[in-house]
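Here the structure is laid out as structure tokens; the discussion comes afterwards.
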Protein chains: 2
Amino acid sequence: MKRKSVTSRDVAKLAGVSQSAVSRSFSPDAKVAEKTRKKVMAAARELGYRPNSIARSLITRSSRTIAVVTYSLENPFYSFMLEKASRYFQQQGYHLQLFFAPSDNGFDTVIDDIIRSQVEGVLMLAITLDSTQAKEVADFGIPCVVINRTVNFDGISQVGSDNHSGGYWAGHYLASLGHRRIAYIAGLPNSSTDLQRKAGFLEGLAKDGLTCHAVEIGNYRYADACHATRRLFASLPSPDALFCANDLMAIAAIDTLRHEFGLSVPEDVSIIGFDDVPMAAWPSHSLTTLKQPVEFMASKATELLMAQINQVDTAPENIMLPVTPMLRSSTRRSIHHSKKSLKELSDAHHRSAR
Amino acid sequence: MKRKSVTSRDVAKLAGVSQSAVSRSFSPDAKVAEKTRKKVMAAARELGYRPNSIARSLITRSSRTIAVVTYSLENPFYSFMLEKASRYFQQQGYHLQLFFAPSDNGFDTVIDDIIRSQVEGVLMLAITLDSTQAKEVADFGIPCVVINRTVNFDGISQVGSDNHSGGYWAGHYLASLGHRRIAYIAGLPNSSTDLQRKAGFLEGLAKDGLTCHAVEIGNYRYADACHATRRLFASLPSPDALFCANDLMAIAAIDTLRHEFGLSVPEDVSIIGFDDVPMAAWPSHSLTTLKQPVEFMASKATELLMAQINQVDTAPENIMLPVTPMLRSSTRRSIHHSKKSLKELSDAHHRSAR
DNA sequence: CTGAAAGCGCTAACAC
DNA sequence: GTGTTAGCGCTTTCAG
């Protein structure tokens with residue numbers, strides 16, 4: 001069934017016009033007599049001709065493709081972003097090339113691949129670029145915007161949200177609720193988001209004269225956060241509040257505490273997340289969290305990228321959007337102490353330590 | 001900073017070799033003297049040269065790109081699939097072009113776009129193709145596999161799971177638990193998965209002499225399923241069990257019932273979903289569901305597509321994988337009646353009807 | 001092993 | 001308006 005590919009030349013022959021007439025007929029804004037275009041279209045339909053956009057890209061030197069690179073779609077925050085951005089670019093007549101960062105090293109290979117592909121722009125979702133890598137794409141004149149990661153290089157735009165303030169709010173708020181053993185479940189070690197959220201959190205704690213009770217790493221993943229929670233509550237005194245570097249981990253913590261430790265959230269432990277993914281609002285978890293303006297971030301990032309693509313001289317921007325505390329019911333309402341005695345907590349601890 | 005694009009010709013000049021020598025040096029399996037390749041590579045590095053893969057595609061007539069089209073990433077089932085498939089193709093040296101089906105019509109435009117792009121294969125995630133559309137891509141000799149949707153055309157491969165049996169199991173199992181008012185929350189109307197799951201479900205019910213208590217449409221989406229649940233429980237007698245065409249909707253139903261109607265799952269209402277997405281196993285919902293072998297489906301689909309790309313004569317296959325009931329705790333254990341009286345149910349109903 | 005030459009399928013001047 | 005011509009940057013015979 002594989003038909004020999006039919007070219008504009010074939011169509012031209014059938015339609016009795018020149019090859020360039022065919023080309024023109026398929027360009028929306030070209031001067032062609034309506035009559036010619038009709039003839040061409042008829043012939044094209046008969047032969048099943050479609051313009052080869054690779055050839056087109058080669059000569060126009062524009063691929064009308066943008067690359068999106070991400071490291072995982074487990075967090076709905078990023079799959080939402082991806083969908084949002086994709087639809088936007090698609091609407092603008094761009095194609096989207098999707099890359100996943102290899103879990104091992106080999107990210108340079110991906111960059112190389114992207115450059116060879118002649119994409120007109122790159123959108124990085126939560127991808128940490130070192131300055132060599134950043135310089136590499138910038139030197140090639142490929143517009144690039146990084147979402148949710150700070151990059152140590154001026155030539156690249158970034159859009160993110162105010163992680164530090166968010167962390168600060170979380171720390172301060174938990175302290176103001178009367179919590180005194182406040183722990184942290186960290187995201188990906190050394191990711192800028194984690195660093196900033198944590199730093200803000202520690203400051204917020206410090207403002208109330210507190211220090212962080214304990215830290216465990218959850219890598220921004222549900223399963224890892226379950227383990228982190230177990231470690232956190234394996235020794236006494238256990239935390240009475242938790243700040244988790246994203247919602248997915250906060251949800252994991254809630255689930256683990258409720259179902260493995262028999263603890264209540266927020267009665268025994270208050271929990272705050274970060275992102276405000278859709279499921280944070282679901283009544284099953286009703287998670288207090290810091291809302292990143294995901295929709296706005298996506299549109300800002302895509303528009304920024306488009307601007308840089310369309311006007312070569314657009315300067316890279318560094319956009320930091322505010323986060324909004326979403327008070328829900330994973331944090332207790334006011335100062336009071338756990339309804340469970342220390343004895344009970346200890347029992348819960350041993351129960352779960354089978 | 002935008003450097004004039006450097007071509008193999010530039011490299012050749014600097015290295016003092018012919019342009020074709022440069023080309024050869026960048027082809028992994030070409031006969032070039034090691035010495036020449038060294039010279040070329042040095043020159044290339046100096047100039048920052050990267051082969052233009054568009055030009056390469058044009059002449060080799062192979063884009064090494066496959067298109068993935070999906071309609072939404074809200075369901076983690078599909079974002080998981082997407083990630084899985086992407087990583088696989090990336091590993092095989094293929095690029096991935098991502099398309100979202102426009103919510104309005106306009107899907108033919110996407111198909112046209114895909115054909116023009118000269119992709120070597122198409123993976124459709126939950127995309128309903130009519131036979132005209134299917135024929136269109138098949139006629140162009142583009143291998144295509146459709147995941148989780150039946151297509152009415154022989155030329156295209158499909159991989160899905162046994163929706164009918166899954167539905168049958170759900171219907172029969174709920175009946176065997178003693179439920180008598182079993183309702184259905186439907187997915188996307190007229191999607192093959194919904195049709196098949198529903199048909200199986202009705203048969204499973206019929207086997208026990210039951211009919212479906214009520215049906216509402218949830219479009220496979222969380223928010224829509226919340227509304228569907230409200231409608232289902234707005235009138236008495238309300239259902240005592242629910243089969244939802246996917247997990248996302250089942251979770252929505254659980255949340256709505258528990259938090260808006262004050263009903264218990266599974267004590268008052270048993271609920272079964274479909275897919276077994278990761279969060280179905282989270283203890284917060286512990287959803288009884290029908291597991292689709294998502295990992296296997298993804299690998300089967302990708303391998304099938306690869307086979308068709310590599311050997312032109314590979315016949316399209318139609319693969320149906322078995323589903324597995326995952327018994328968790330959103331269904332009650334054995335036959336007994338709701339602990340709530342009809343009076344209480346009525347109260348709950350009025351309470352929620354503010 | 002290497003260079004010269006011939007395109008891949010298309011767009012974009014340029015004359016007519 | 002339309003055809004003619006010259007490439008886009010690369011791979012691939014084909015001689016040497």
Side-chain angles (χ1 to χ4, degrees), chain A residues 3-41 43-44 47-65 93 112-113 115-120 140, chain B residues 3-41 43-44 47-65 93 112-113 115-120 140:
Chain A
R3 73 174 47 163
K4 188 79 206 72
S5 75
V6 10
T7 72
S8 56
R9 187 155 251 103
D10 302 325
V11 178
K13 208 179 307 169
L14 180 63
V17 297
S18 76
Q19 182 268 332
S20 52
V22 177
S23 170
R24 287 189 186 104
S25 302
F26 278 89
S27 306
D29 35 57
K31 55 282 168 58
V32 201
E34 201 42 49
K35 206 178 130 195
T36 316
R37 176 170 263 143
K38 278 238 169 65
K39 267 197 301 189
V40 168
M41 288 312 187
L47 297 177
Y49 167 76
R50 313 285 174 121
N52 179 329
S53 53
I54 293 186
R56 181 175 208 291
S57 293
L58 182 60
I59 195 158
T60 61
R61 275 187 197 84
S62 81
S63 61
R64 289 196 81 76
T65 294
D112 187 58
D113 221 18
I115 295 175
R116 293 185 184 209
S117 297
Q118 314 290 114
V119 301
E120 299 183 16
F140 267 84
Chain B
R3 73 174 48 162
K4 189 78 206 70
S5 74
V6 9
T7 74
S8 56
R9 189 154 249 102
D10 302 326
V11 177
K13 208 179 308 170
L14 180 63
V17 297
S18 76
Q19 181 267 332
S20 49
V22 177
S23 171
R24 288 190 185 101
S25 302
F26 277 90
S27 305
D29 36 56
K31 54 280 167 59
V32 201
E34 201 41 51
K35 207 178 130 193
T36 316
R37 175 170 263 144
K38 277 239 169 64
K39 266 196 305 190
V40 168
M41 289 312 187
L47 297 177
Y49 167 76
R50 313 285 174 121
N52 179 330
S53 51
I54 292 186
R56 183 177 205 290
S57 293
L58 182 59
I59 196 158
T60 61
R61 276 181 190 90
S62 82
S63 61
R64 288 196 82 76
T65 294
D112 187 59
D113 220 18
I115 294 175
R116 293 184 184 210
S117 296
Q118 315 290 114
V119 300
E120 299 183 15
F140 267 84

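Keep in mind that what you see is a predicted model, and the values were worked out from it rather than measured. Chain letters run A, B, ... following the sequence lines, proteins first and then strands; every chain starts at 1.
If you take CZ of Phe26(B) and P of dG9(D), they are 16 Å apart, rounded to a whole angstrom. Rounded to an integer number of Å, the gap from Ile54(A) CD1 to dG9(D) P is 16 Å. If you take CD of Glu34(A) and C1' of dT2(D), they are 15 Å apart, rounded to a whole angstrom. At whole-Å resolution of the value, NZ in Lys13(A) and P in dG3(D) are 15 Å apart. Rounded to whole Å, atom C1' of dG7(C) lies 14 Å from atom CG of Asn52(A). What separates CG of Asp29(A) from P of dT11(C) is a distance of 12 Å, to the nearest Å. Regarding Ile115(B), its CD1 atom lies at a distance of 17 Å from the C1' atom of dG9(C), rounded to whole Å. Rounded to an integer number of Å, the gap from CG of Leu58(A) to P of dG7(C) is 17 Å.
Here the CZ-CD distance, from Phe140(B) to Gln118(B), works out to 9.0 Å after rounding to the nearest 0.5 Å.
In this structure, the side chains of Asp112(A) and Arg50(B) come closer than 4.5 Å at one or more pairs of heavy atoms. By the 4.5 Å heavy-atom criterion applied to side chains, Val11(A) and Val6(A) are counted as neighbours. Contact annotation: the side chain of Ser63(A) approaches that of Glu120(A) to within less than 4.5 Å [non-hydrogen atoms, C-beta and beyond].
Using a 4.0 Å cut-off, no side-chain N or O of Arg50(B) falls inside it from OP1 or OP2 of dG9(D). Contact check, Thr36(A) against dT2(D): a side-chain N or O comes under 4.0 Å of OP1 or OP2. When the side-chain nitrogen and oxygen atoms of Thr7(A) are compared with OP1 and OP2 of dG9(C), none of them lie within a distance under 4.0 Å. The side chain of Arg61(A) places no N or O atom within less than 4.0 Å of a non-bridging phosphate oxygen (OP1 or OP2) of dT11(C).
Val32(B) comes within 4.0 angstrom of the backbone, heavy atoms only, and of no base. Using a 4.0 Å heavy-atom criterion, one finds that Val17(A) contacts the sugar-phosphate atoms exclusively.
Judged by distance alone, with hydrogens and angles left aside, the side-chain atoms of Thr7(A) form a donor-acceptor pair with the main-chain N or O of Arg9(A) at under 3.5 Å.
Taking every heavy atom of both residues into account, Ile54(B) and Ser57(A) meet most closely at CD1-CB, 3.8 Å.
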Check residues 20-35 of chain B and write down every donor-acceptor pair under 3.5 Å in which the side-chain atom is one partner and the other belongs to a residue at least two apart or another chain.
| unit_1 | atom_1 | unit_2 | atom_2 | d |
| --- | --- | --- | --- | --- |
| Ser20(B) | OG | Ser18(B) | OG | 3.1 |
| Ser25(B) | OG | Ala21(B) | O | 2.8 |
| Ser27(B) | OG | Ser23(B) | O | 3.1 |

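Out of dG1(D), dG9(D), dC10(D), the shortest distance to the side chain of Ala33(A) is found at dG1(D). Out of dC8(C), dC10(C), dC10(D), the shortest distance to the side chain of Arg56(B) is found at dC10(D).
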Show each protein N/O and nucleotides 12-16 of chain D N/O combination with a separation under 3.5 Å, one pair to a line.
| unit_1 | atom_1 | unit_2 | atom_2 | d |
| --- | --- | --- | --- | --- |
| dT13(D) | O4 | Arg24(B) | NH2 | 3.3 |

